[in-house]
2 protein chains.
Amino acid sequence: MSDRVVPAAARRRRRPTKEGVVLSEELIVATALRLIEEHGAEALSVRRLGRALGADPSSLYRYFRHTDDLMLAIADELIGRTLRTWRPTGDWRADLRDLGLRMHAGALAHPRAAVLSSYRVTGRAHEIQAVETILGVLREAGFPDPEAVRVYHAFVDQALAFGALDSAGTALPKAARDAESAVWEATYARLPADTHPHIAATARHLVADMRRSSYPAALDLLLGAAAARLAEIQRRT
Amino acid sequence: MSDRVVPAAARRRRRPTKEGVVLSEELIVATALRLIEEHGAEALSVRRLGRALGADPSSLYRYFRHTDDLMLAIADELIGRTLRTWRPTGDWRADLRDLGLRMHAGALAHPRAAVLSSYRVTGRAHEIQAVETILGVLREAGFPDPEAVRVYHAFVDQALAFGALDSAGTALPKAARDAESAVWEATYARLPADTHPHIAATARHLVADMRRSSYPAALDLLLGAAAARLAEIQRRT
DNA sequence: TTCACAGGTCAACGGTGTTGTCATAAGGTG
DNA sequence: CACCTTATGACAACACCGTTGACCTGTGAA
């Protein structure tokens, strides 16, 4: 049973399921994404996916070794979609800012896939293309190779990490999410100034700021620092 | 059955389990942390925790409403431990750098708890203390309130997000983790220069850089940008 | 000494990913 | 066209998961 999976290229027979659906890697990935979109991240399980496809759950194991493999395929598809809508202008800082925001938004739209893909290297086609593109932006902006790689790494990981962080929040059941944001008003905003002077002094800002994602701010800080570094490098040569 | 849980303060009767253990919130949290440390993040389940404690799994529901509640308690304990070993010196940038690295290291040591706590507000004692402390560092450094809150938010979320990201990687089964890092050498380092010029040009740096966490680099970028902002603000007044 | 009930146990429910086994129709071959 | 191989589907079972309703019992206050 070790290799139930036949590589996509070698697939020949298109035998329909009991309910008449003809399975394929693409159809499975697309259906999984639809499932996540329509019913939330927690709606994705092998069994539910099987039901949605009109196939026995175990059939999916002919296409993916485990759920993990499936998630990686989904992740790569997401990378592709994100990159496809991005139009670089030649201004590296604006382009990376735009790309970062798009990656973050893409993660928010697909929480479960975002969490998984954030710490995995898919090694698939779309991912490779993304690496090539981002490195190109940085090198053409004038970053020397080691610096380009360092900034690339920090940029991508930060986008993925915040994407996973923020999307994990949205994946909570609604009741829990409401409870979360209530904590800031119910607990933090009511702490007395004598025991918690700094919280008390900034409570107003805290309540307002904590309900938003801090990713845009973090992204701007990162890009700002990178720009300063680039200026420094160019001044020195 | 809606309130099986008696608040910690009101607990009176210390009835031992069949195996003679006297349960308590502290003992449960401590045992859960030990379980994670010894057998990895995936070893933590209500049933296993029950077994490790010498108690029926359902007993835990007398102390925590659901596993989530338990994870939040664990997370708060971790915050407490991290803060306890931290010795601020008065240099805000060095202190925050040190704290960030400690938070990140703490997350790596407890992957499962890190992932969960990263996107939750516990509202418990240790968390509140941490917020107060960090805000204090920033305000005393001279950041005006709205700016202090913004930097606080970005700083904390970045530490949590990278902590979750990197610890999720370490939580992979060893085989999968090896496979991951192999991808960079096996796939990326071998792409031809004519189709992927930027990857090919930086392959050497990529292979070296991608196996490390990018958190320290990202943290330095963030703190650097914040420092520049502070200088700008102080110059203007 | 009594006795309410906190705090333990037990059994069950409905869910999950995964796999060993079997059946069958697709599609290449003669 | 008929045959045979085998890819690909279906089924049933396994071991686990979190959670809950019902029950039992020893604790500790009155």
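Source: prediction; values computed, not measured. In what follows, every chain begins at residue 1, and chains take the letters A, B, ... in the order their sequences are listed.
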When only distance counts, do a donor and an acceptor, one from the side chain of Arg15(B) and one from the base of dG8(C), lie under 3.5 Å apart?
no
Parallel, tilted or perpendicular for Tyr215(B) and Phe162(B), by the 30°/60° rule?
tilted
Test salt bridge (charged side-chain N to carboxylate O under 4.0 Å, His left out) applied to Arg204(B) - qualifying residues, sequence neighbours left out
none
Identify which nucleotide among dT18(C), dT20(D), dG8(C) has an atom closest to any side-chain atom of Tyr61(A), counting heavy atoms from C-beta outward.
dT18(C)
Can you figure out which of dT9(C), dG8(C), dT19(C) approaches the side chain of Leu23(B) most closely?
dG8(C)
On DNA chain C, check which nucleotide each of Arg51(A) and Asp56(A) is closest to and give me the residue with the more 5' one.
Arg51(A)
With heavy atoms under 4.0 Å as the rule, sort Ser59(B) into base, sugar-phosphate or nothing.
base
Leu49(B) CG to dT19(D) P, in whole Å, measures 13 Å
State, to 0.1 Å, how close Glu25(B) and Phe64(B) come at their nearest heavy-atom pair, and which atoms those are.
CG-CZ, 3.5 Å
Taken in chain and number order and not counting sequence neighbours, the residues that satisfy salt bridge (charged side-chain N to carboxylate O under 4.0 Å, His left out) with Asp98(A) are Arg102(A)
With the side chain of Ser45(A) defined as its heavy atoms from C-beta on, choose the nearest nucleotide among dT16(C), dT19(C), dG18(D).
dT16(C)
Arg62(B) side-chain proximity, nearest of dG17(C), dG7(C), dG18(D)
dG7(C)
Under the salt bridge (charged side-chain N to carboxylate O under 4.0 Å, His left out) rule, collect the residues that match up with Arg211(B), sequence neighbours excluded.
Glu185(B)
Qualifying residues under side-chain contact (heavy atoms from CB on, under 4.5 Å), relative to Val149(B), sequence neighbours excluded:
Thr202(A), His205(A), Leu206(A), Asp209(A), Leu135(B)
Difference in axis direction between the ends of the helix from dT1(C)-dA30(D) to dG30(C)-dC1(D), five pairs, 10°
10°
What's the closest nucleotide to the Pro16(A) side chain, out of dG9(D), dA26(C), dT18(C)?
dA26(C)
Sequence neighbours left out, what passes salt bridge (charged side-chain N to carboxylate O under 4.0 Å, His left out) with Arg34(A)? Give chain and number order.
Glu38(A)
Checking only heavy atoms, does the side chain of Arg4(B) share a donor-acceptor pair with the base of dG7(C) at less than 3.5 Å?
no
When all nucleic acid strands are considered with a 4.0 Å heavy-atom cut-off, which category describes Tyr63(A): base, sugar-phosphate, or nothing?
sugar-phosphate
Of the listed nucleotides (dG21(D), dG9(D), dG17(C)), which one gets closest to any side-chain atom of Arg47(A)?
dG17(C)
Touch class at under 4.0 angstrom, heavy-atom based, for Thr17(B) against every strand present
sugar-phosphate
